[in-house]
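Take a look at the structure below.
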Amino acid sequence: MKTDPKYLELSARVVEIATQVKVLGPLSWPPSAEAEFLSGRRRGQVVLPRIEYPRIDHGEFIAELERVMAALDESEPAHRLLRETARSYRDACRMLHAIGTPRFTELSIEIYGRPSEVMPGSTLTHVEAASRFIAAANAFPALGAAIYETSYSGEEIAAYLREGIEKVFGDEGPPVEMASDLTAKAAASGDRVRVREGAVFTRYDFDQLLQHEVLIHTLTSINGRAQMNVPCLSLGAPRTTKTQEGLATFAEWATGSIDLVRIKRLALRVLAVENALNGANFFELFEFFLEFGQNERESYRSAERIFRGGQPDGTGVLFTKDAVYLDGLIKVHSLVRWALESGQFDLIELLFCGRLAIEDIFALRALYSEGVVLAPRYKPRWYEKVHSLAGLMALTMVATEIDIDHVEAYLKHGCH
């Protein structure tokens, strides 16, 4: 199959720019800010951190990306994918230019959304859905603290991830490194997997991080690199974040790796982003996470994630990326359920072809049928057991209709 040389040339230009646009790196807070804040709080002297950000000028990238967009033919599915990828990186560049200003938050909302939006196919906003997730997790109070009883080091997690990578990818798998500058506990790409030094992990983190970081983020990166005819599938453009995080969280659910604390953590992030948009400052969000059971360090890191790109004083400059996890999860779950019910299993498989957004799925199907997009070399095991996945979904659909109060009455009084 022959691909248009002009398209490949434009793709190469986008890929080259994408490798130089780092969104999270410039937004990171220094470790010293955490140490000073927590030390001051313990002494009863709370001082909000003051963060200095680098000045970023991606003006040349923005101009080049717009030239690429103008040169593409929107009637062609591959061109549309590349155009949306270029647009996503252009918007990210604009957002980085606006660090520390209200425009940063506006662009963050354009890219990642905001919690007060209504979810597609539902009357619920993301905030309302997050509140329901928290209520559901709180329905099991006896299990709340048990997860913290045993802790593990980052080195133990790293060793487990290395073993998992070797089993799935062999020599093609990335190295696992320890990192001190991560806000998240771990982060993965096709090049490397990083685990945060000094973080405390629970026994549930082992499989969660393997399924989420390695068997989705790393897997889709490696598969995307094999898509020589559609190189943009190798890129983690900001527009793919919602689907990537949703798919990765769905993988936790499909493999039974997710737990109550994890569900609550994701939901709390949505509520915290909304609180910050409504004027809450860093300390108020820190206390918010503490109130819901996170320890000091994790509460700091959770609040820090939201105030990246701004100052922690409640002036409204914040990063809304943490609002995407539940939204992405619900969208991926809905797509998978619909694909299973309609017998369109190929749509699920296409999710693993590379880094993509759910909105790309039918364009990818057209390209796959033409031989332009290749079948994914690596697929997670839960997809290979599609009948088990359908059984889990069917059971969930029925079980959610049961009134638990009636069950309690039945158990106490019997059925006569």
Side-chain angles (χ1 to χ4, degrees), residues 19-20 22-39 49 51 53-54 147-222 225 236 241 244-245 248-249 251-252 255 257-259 261-262 265-266 269 289 294-308 319 321-322 325 355 378:
T19 60
Q20 300 177 70
K22 307 298 182 185
V23 174
L24 298 183
L27 306 182
S28 297
W29 289 14
S32 59
E34 177 184 350
E36 291 170 8
F37 175 83
L38 294 180
S39 175
I51 310 300
Y53 295 103
I147 194 171
Y148 292 112
E149 290 176 0
T150 305
S151 61
Y152 300 86
S153 68
E155 287 76 11
E156 291 174 289
I157 289 283
Y160 180 78
L161 296 181
R162 289 187 188 102
E163 182 180 349
I165 289 170
E166 174 66 25
K167 287 180 180 178
V168 176
F169 304 108
D171 294 339
E172 197 175 357
V176 181
E177 306 169 353
M178 302 304 297
S180 60
D181 60 342
L182 278 180
T183 301
K185 284 188 172 183
S189 67
D191 296 317
R192 60 179 177 170
V193 177
R194 296 193 296 161
V195 178
R196 194 172 84 209
E197 276 183 356
V200 176
F201 297 85
T202 74
R203 64 184 181 273
Y204 295 97
D205 285 320
F206 286 82
D207 281 338
Q208 284 174 15
L209 292 175
L210 178 64
Q211 297 297 333
H212 187 113
E213 300 294 342
V214 173
L215 298 182
I216 294 298
H217 293 332
T218 295
L219 181 145
T220 52
S221 289
I222 292 175
R225 288 177 182 172
T241 300
Q244 271 287 301
E245 297 301 349
T249 307
E252 296 178 44
T255 57
S257 304
I258 203 162
D259 65 88
V261 171
R262 172 69 168 159
R265 184 188 306 137
L266 296 177
R269 289 176 183 174
F289 287 112
Q294 293 190 13
N295 62 37
E296 273 191 338
R297 192 168 191 188
E298 292 307 320
S299 294
Y300 178 93
R301 294 293 177 100
S302 295
E304 174 190 347
R305 292 170 64 99
I306 295 167
F307 281 96
R308 287 175 291 183
F319 192 43
K321 176 177 175 286
D322 275 354
Y325 288 80
R355 297 290 184 98
Y378 299 106

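Since we're looking at a predicted model, the values are computed, not measured. The residues of the chain are indexed from 1 along the displayed sequence. In what follows, every heavy atom counts, from backbone to side chain, and hydrogens, waters and symmetry copies are set aside.
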Between [atom1] of [X] and [atom2] of [Y], what distance do you get to the nearest 0.5 Å?
X	Y	atom1	atom2	result
L38	E296	CG	CD	5.0 Å
T183	D322	OG1	CG	9.5 Å
T255	H212	OG1	NE2	11.5 Å

Apply salt bridge (Lys or Arg N to Asp or Glu O under 4.0 Å) to [X] and list each qualifying residue two or more places apart in sequence or on a separate chain.
X	value
E252	R262
E172	R377
E155	none

Set of side chain to side chain contact (heavy atoms under 4.5 Å, CB included) partners for [X], sequence neighbours left out:
X	value
E156	Y152, S153, F206
P30	S32, A33, I51
A179	D181, L182, R194
E166	none

Kindly give the heavy-atom pair with the smallest separation between [X] and [Y], and that separation in Å.
X	Y	answer
S189	P174	O-CG, 4.0 Å
P26	Y53	O-CD2, 3.4 Å
Y300	W29	OH-CE3, 3.4 Å
A186	L209	CB-CD2, 3.9 Å
F37	P49	CD1-CD, 4.1 Å
A188	H217	O-CB, 3.7 Å

Going by side chain to side chain donor-acceptor pair (under 3.5 Å), name the residues that satisfy it together with S221, two or more places apart in sequence or in a different chain.
R355
Of all residues at least two apart in sequence or in a different chain, which pass the side chain to side chain donor-acceptor pair (under 3.5 Å) check with S39?
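With sequence neighbours excluded, S39 shows a side chain to side chain donor-acceptor pair (under 3.5 Å) to R43, given in chain and number order.
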Any [X] side-chain heavy atom under 4.5 Å of [Y] side chain:
X	Y	result
I216	Q211	no
L24	F319	yes
R265	E298	no

Under 3.5 Å, side chain of T202 to main-chain N/O of S151, donor-acceptor pair present?
no
Looking only at atom types and distance, does a side-chain atom of R162 sit under 3.5 Å from a main-chain N or O of P175, one as donor and one as acceptor?
no
Only counting residues at least two apart or in another chain, list the ones meeting ring-ring contact (aromatic ring centres under 6.0 Å, His included) with F169.
Y378
Ion pair check, D191 and R225, cut-off under 4.0 Å:
yes
Start with the C-alpha gap between L215 and V168, add the side-chain angles, then the distance that decides, and say whether side-chain contact (heavy atoms from CB on, under 4.5 Å) holds.
CA-CA 8 Å; L215 298 182; V168 176; 3.7 Å; yes
Sole residue of K321, R305, R308 in side-chain contact (heavy atoms from CB on, under 4.5 Å) with L27
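Of K321, R305, R308, side-chain contact (heavy atoms from CB on, under 4.5 Å) with L27 is met by R308 alone.
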Any pair with a residue in residues 205-214 that passes salt bridge (charged side-chain N to carboxylate O under 4.0 Å, His left out), sequence neighbours left out, goes on the list, sorted by first then second residue, please.
K185-D205
Which pairs count as salt bridge (charged side-chain N to carboxylate O under 4.0 Å, His left out) when at least one residue sits in residues 23-32, sequence neighbours excluded?
none
